[in-house]
4 protein chains.
Amino acid sequence: MTGTEIGNTGPEPAAGGTRAARGRPRSAAADRAIVEAVLRLMERGVGVDALSMEGIAREAGVGKATVYRRWPGKDVLLLDVMRTLDEPPAEVRGESVRDDLVEFLERLRQRGLAKRNSALLRAMVSHFHSHPWLWREYHDTVIRARRELLHSVLRRGMARGEIRADLDVELLGELFVGPMLSRAMLREGAELPEGLAERIVDCVLEGARPRE
Amino acid sequence: MTGTEIGNTGPEPAAGGTRAARGRPRSAAADRAIVEAVLRLMERGVGVDALSMEGIAREAGVGKATVYRRWPGKDVLLLDVMRTLDEPPAEVRGESVRDDLVEFLERLRQRGLAKRNSALLRAMVSHFHSHPWLWREYHDTVIRARRELLHSVLRRGMARGEIRADLDVELLGELFVGPMLSRAMLREGAELPEGLAERIVDCVLEGARPRE
Amino acid sequence: MTGTEIGNTGPEPAAGGTRAARGRPRSAAADRAIVEAVLRLMERGVGVDALSMEGIAREAGVGKATVYRRWPGKDVLLLDVMRTLDEPPAEVRGESVRDDLVEFLERLRQRGLAKRNSALLRAMVSHFHSHPWLWREYHDTVIRARRELLHSVLRRGMARGEIRADLDVELLGELFVGPMLSRAMLREGAELPEGLAERIVDCVLEGARPRE
Amino acid sequence: MTGTEIGNTGPEPAAGGTRAARGRPRSAAADRAIVEAVLRLMERGVGVDALSMEGIAREAGVGKATVYRRWPGKDVLLLDVMRTLDEPPAEVRGESVRDDLVEFLERLRQRGLAKRNSALLRAMVSHFHSHPWLWREYHDTVIRARRELLHSVLRRGMARGEIRADLDVELLGELFVGPMLSRAMLREGAELPEGLAERIVDCVLEGARPRE
DNA sequence: GGCTAATCGAGACGGTACGTCGCGTCTTGCC
DNA sequence: GGCAAGACGCGACGTACCGTCTCGATTAGCC
């Protein structure tokens with residue numbers, strides 16, 4: 001697993017890298033069948049931790065070896081499934097930084113942290129600590145783009161004077177995103193409520209201390 | 001699993017609840033041996049998901065049945081181990097609300113999200129969605145007390161005029177805690193850096209928008 | 001387990017033998033409850049090898065220790081159950097040795113090798129080799145009396161000239177009994193057919209070689 | 001378990017019977033390793049009822065699943081071990097029927113009822129009643145051939161006039177075999193004594209009643 | 001009437017084996 | 001060489017019994 005560019009989605013390429021392909025080429029159909037099997041199982045309510053490589057292969061109508069040939073383990077397979085679901089973040093350029101931030105968080109609420117995605121995320125969280133490269137992969141291919149978009153919004157705000165220029169952009173970004181993430185991961189079945197994005201943005205912008 | 005009071009730490013009581021105990025009573029030594037076996041294994045670097053009920057029983061010098069008699073599964077056992085590690089939140093009453101908040105977060109950084117605790121937490125996150133009662137137990141016995149302490153600090157601040165009275169206390173609490181939690185759960189090996197508490201508090205208090 | 005006299009039926013006496021009884025005496029009700037539990041379970045079709053000390057105690061409404069206090073294991077308990085079912089062999093004294101032998105075998109067919117008894121016997125057969133004292137117990141309390149009755153019949157026949165006097169009584173006894181036993185133990189569900197006793201007796205008496 | 005022909009020795013074939021084999025074929029080495037493990041354990045004095053599938057797999061250096069894939073349980077495995085030990089009965093054609101019978105029984109004494117075989121047999125006896133197919137398998141693959149050999153000997157004797165023609169061949173066969181079987185199964189450690197075959201044969205042939 | 005002591009039902013104890021499932025690898029024949 | 005199938009050694013799962021032990025509560029005989 002080497003890809004670091006955004007959008008590097010898909011199963012492990014065949015051994016040998018760019019060496020001329022020999023023998024029968026990998027079946028693209030199998031690639032698809034596997035990822036779709038995962039999604040189908042999850043949709044059927046199978047629960048991320050009840051997923052087994054064995055069950056996935058069975059559901060996909062594929063040999064186990066065919067799965068292992070592409071992904072070294074469940075974690076990485078799930079990571080790729082997340083990438084499949086992922087869509088690159090759309091530009092946001094509203095009338096004000098506040099509007100941009102609200103739109104950004106709102107999109108996070110609806111897409112990124114929707115049921116399927118958050119289940120996958122929660123399932124992988126336990127491995128990030130012990131498998132740093134897994135986190136790095138996740139960061140590089142799913143998080144980075146959004147993060148940079150957020151940072152650019154914030155920097156634009158600073159430039160325009162809508163946001164204090166003395167703040168650490170990275171920390172500030174986490175102030176907006178953290179509350180949503182922690183809710184999505186910890187809280188039981190709760191969907192993130194409508195209006196949450198707005199309330200967070202306003203609160204962080206205005207501050208908790210009264211302005212005289 | 002019925003306890004809702006803070007500090008209700010310990011293994012599942014024998015069926016029948018308060019009914020007069022019959023038969024040989026559960027061995028308190030076994031209770032301890034099991035929990036300590038888990039801690040010992042984790043200290044030895046065994047990784048939360050590499051823990052097995054089988055291995056725990058072996059390490060504790062205890063029959064598997066003795067573990068299952070007390071806890072229905074690994075999740076719940078780990079929850080109780082967390083409770084064991086937990087210590088009730090100390091009062092904070094500094095000179096200002098800001099000081100209180102910083103101290104609160106700083107303590108969270110050092111204790112609650114220290115290595116062992118955060119590993120346990122991350123391991124359980126994936127089950128909270130599908131096992132709501134597990135979350136509720138965790139919330140009731142670990143989170144609630146700190147949460148209420150935080151809320152009381154915030155309310156005191158509102159009363160004193162140090163914090164805007166028009167804000168939702170719950171949301172505001174999450175603005176402080178969320179960034180720390182999300183870092184602790186997502187980021188790879190990173191310890192939470194010193195000074196993080198202060199920076200978060202100041203930023204949320206002052207707001208991201210410039211004060212003229 | 002010391003008793004060698006016929007009819008020594010019942011559970012192991014309390015340790016200490018004839019020493020003056022001290023403490024609470026063994027409950028005769030428990031003795032009965034246990035043996036009856038075994039019979040009840042077998043009648044319910046539980047299959048001798050599916051019997052467990054645990055299940056027997058449960059069925060008898062008795063603590064496991066109460067069973068083990070009386071019998072050292074399942075084998076010996078079953079042996080005692082067999083003794084319970086056993087009834088001392090009735091005298092046979094018909095008009096001829098042939099009649100006596102037929103009656104003897106017929107009684108064996110109907111009682112001794114009836115369903116319950118043969119199931120118990122088959123269950124114990126596998127232990128006789130490795131636990132010689134178990135065989136000896138069984139022999140002394142169940143077999144010996146019948147065996148001696150049979151031998152006395154045969155000897156009477158020899159005295160009367162109805163049976164060759166040059167034969168080994170013991171071997172001859174086995175010629176009569178063996179075919180029935182081996183059928184009862186080996187053959188699947190088959191009840192021993194009516195008339196079997198007569199046919200065996202006549203055949204062994206007359207011999208397989210034609211008499212000119 | 002379908003084989004009914006004599007000599008159908010070996011583990012359960014893969015499901016699907018004669019359907020074209022798919023996937024990795026069963027390892028013949030594992031087949032052997034398992035059966036040999038059983039024999040080795042028994043030779044080591046492990047006692048048929050102390051055998052466990054777990055221990056067998058361990059001794060064979062094989063996964064438990066590999067055993068269960070071939071045999072549904074200990075009984076059936078032991079049955080196949082018996083088949084392994086079995087050797088087809090050799091023709092007997094001595095100068096007289098008496099010689100043939102003596103040779104037949106003598107061979108039974110030495111081979112079939114030798115230590116290992118009779119331990120296995122005794123262990124299975126308890127299951128024959130409740131698992132009729134087990135008996136049928138045993139009968140079809142181990143007993144039948146010898147039985148038919150014995151019957152042919154007897155019929156030859158009848159044809160030659162050495163044996164009464166008015167007797168039931170089957171019953172007569174049991175008169176010869178039963179005494180030996182019952183001794184082998186019931187009697188404690190006793191080896192079957194030399195000369196037993198001759199004594200049984202002569203006695204059954206001549207009859208117990210004096211010939212004038 | 002109190003004391004001593006063995007027994008009672010109940011059920012926990014450390015173990016071992018059960019039969020199943022999933023792991024990640026290996027081995028077929030076919031494509 | 002990829003592919004579906006499926007066996008391989010391994011090890012954990014959660015359950016059932018094993019035979020022993022520890023509870024509080026009986027239930028006797030003896031002082």
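Worth knowing before you read on, the calculation uses all heavy atoms, side chains too, and leaves out hydrogens, waters and symmetry mates. Every chain is numbered from 1, with letters handed out A, B, ... down the list of sequences. What you see is a predicted model, and the numbers here were worked out from it, not measured in a lab.
Side-chain contact check for B:Tyr138 versus B:Leu78: every heavy-atom pair is 4.5 Å or farther apart. Counting heavy atoms from C-beta on, the side chains of A:Leu77 and A:Lys74 never come closer than 4.5 Å.
For the segment residues 50-61 of chain B, the set of residues with a heavy atom within less than 4.0 Å of an atom of DNA chain F comprises B:Ser52, B:Met53, B:Glu54, B:Arg58, in numerical order. Near DNA chain F, meaning a heavy atom under 4.0 Å from it, residues 28-38 of chain B has no residue at all.
Counting to the nearest Å, the C1' atom of F:dA5 and the CZ atom of D:Arg26 are 13 Å from each other. Look at CH2 on C:Trp71: it is 15 Å from P on F:dC18, rounded to the nearest Å. Atom CG in A:Leu77 sits roughly 11 Å away from atom P in E:dC23 (whole-Å rounding).
Taking the side chain to side chain contact (heavy atoms under 4.5 Å, CB included) definition, one finds that B:Ala28 meets it with B:Arg32, sequence neighbours left out. Listed by chain and number, the residues in a side chain to side chain contact (heavy atoms under 4.5 Å, CB included) with C:Arg116 are C:Leu39, C:Met42, C:Glu43, C:Leu85 (sequence neighbours excluded). Remark: C:Ala60 engages C:Ala33, C:Ile34, C:Ala37, C:Val62 in a side chain to side chain contact (heavy atoms under 4.5 Å, CB included) (not counting sequence neighbours). In terms of the side chain to side chain contact (heavy atoms under 4.5 Å, CB included) criterion, residue partners of D:Ser52 (sequence neighbours excluded) are, by chain and number, D:Glu54. With sequence neighbours excluded, no residue satisfies salt bridge (charged side-chain N to carboxylate O under 4.0 Å, His left out) with A:Asp75. In this structure B:Arg40 satisfies the salt bridge (charged side-chain N to carboxylate O under 4.0 Å, His left out) test together with B:Glu59, sequence neighbours excluded.
Two residues, C:Ser27 and D:Gly73, neighbour DNA chain E, and the one matched to the more 5' nucleotide by heavy-atom proximity is C:Ser27. Place D:Val62 and B:Lys74 on DNA chain F by their nearest nucleotides, and D:Val62 ends up nearer the 5' end.
Across C:Val46, C:Val48, C:Thr84, C:Leu51, a single residue satisfies side chain to side chain contact (heavy atoms under 4.5 Å, CB included) together with C:Val38, and that is C:Leu51.
In this structure, A:Ser126 OG and B:His127 NE2 are separated by 8.0 Å, a value rounded to the nearest 0.5 Å.
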Filtered N/O pairs between nucleotides 20-23 of chain F and protein, under 3.5 Å:
{"unit_1": "F:dC21", "atom_1": "O2", "unit_2": "B:Arg24", "atom_2": "NH1", "d": "2.9"}

Checklist entry - Which is it for B:Asp31 and B:Arg70 under the salt bridge (charged side-chain N to carboxylate O under 4.0 Å, His left out) test, yes or no, and what are the steps along the way? => result CA-CA 8 Å; B:Asp31 289 14; B:Arg70 290 163 165 73; 2.3 Å; yes

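Applying the 4.0 Å criterion to OP1 and OP2 of F:dC8, one finds that D:Thr66 has a side-chain N or O inside that range.
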